[in-house]
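We count residues from 1, following the sequence as given.
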Amino acid sequence: MARDPLKQPGDGIHRAILVVLAISTVAGVLLSISGDLLARSEAVKNVGAGVALTSALLYLFFRLLGRREAKRRREKAGRDADDSGETH
């Protein structure tokens with residue numbers, strides 16, 4: 001089954017990746033806060049901060065990747081429309 005080349009990257013797997021990364025970021029922040037306030041554990045706090053930071057950076061990377069892909073697809077669709085409208 002071929003993908004529709006004009007579909008935006010906000011569909012399917014791309015959206016799922018963003019949702020999972022957002023949830024991971026929140027979980028990391030909560031882990032870091034609970035490690036500091038409840039468990040008084042420096043290790044748990046550091047692991048939570050690491051998970052939150054890594055997830056947030058990956059989230060931003062995938063957002064940037066999605067925007068670039070959407071722009072590329074729009075430009076390609078515009079070129080294809082211009083090419084098909086030409087008369088020889």
Side-chain angles (χ1 to χ4, degrees):
M1 185 165 115
R3 276 184 63 129
D4 180 5
L6 296 179
K7 268 191 165 178
Q8 298 302 313
D11 65 325
I13 191 71
H14 187 264
R15 185 176 303 239
I17 289 169
L18 290 176
V19 168
V20 168
L21 288 172
I23 291 170
S24 296
T25 302
V26 171
V29 168
L30 293 175
L31 184 63
S32 184
I33 291 171
S34 66
D36 187 31
L37 298 178
L38 301 177
R40 304 268 192 249
S41 170
E42 194 70 25
V44 173
K45 183 174 102 172
N46 290 337
V47 168
V51 168
L53 182 61
T54 303
S55 298
L57 289 174
L58 285 171
Y59 178 87
L60 293 174
F61 170 75
F62 275 97
R63 288 289 301 219
L64 177 65
L65 194 68
R67 285 178 186 243
R68 285 184 179 176
E69 179 65 15
K71 182 180 176 184
R72 186 189 68 79
R73 289 180 185 184
R74 281 192 306 270
E75 289 172 353
K76 184 176 188 282
R79 282 193 310 267
D80 289 346
D82 290 344
D83 291 344
S84 65
E86 292 179 358
T87 55
H88 294 276

Distance-only donor-acceptor hits, side chain of residues 45-65, under 3.5 Å, sequence neighbours excluded:
unit_1 : atom_1 : unit_2 : atom_2 : d
Asn46  : ND2    : Glu42  : O      : 3.2
Thr54  : OG1    : Gly50  : O      : 2.8
Ser55  : OG     : Val51  : O      : 2.9

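Under the side chain to side chain contact (heavy atoms under 4.5 Å, CB included) criterion, Val26 pairs with Leu30, not counting sequence neighbours.
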- Show your working on salt bridge (charged side-chain N to carboxylate O under 4.0 Å, His left out) between Arg72 and Glu75 and close with a plain yes or no. CA-CA 5 Å; Arg72 186 189 68 79; Glu75 289 172 353; over 6 Å; no
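Listed for the Thr25 side chain is a donor-acceptor partner under 3.5 Å among the backbone atoms of Leu21.
Going from atom OG of Ser24 over to atom CD1 of Ile17 covers 11.5 Å, rounded to the nearest 0.5 Å.
Side-chain contact between Arg73 and Glu69 is present, with heavy atoms from C-beta onward closer than 4.5 Å.
Leu38 forms part of no hydrophobic cluster, judged by ILVMFWY side-chain heavy-atom separations under 4.5 Å.
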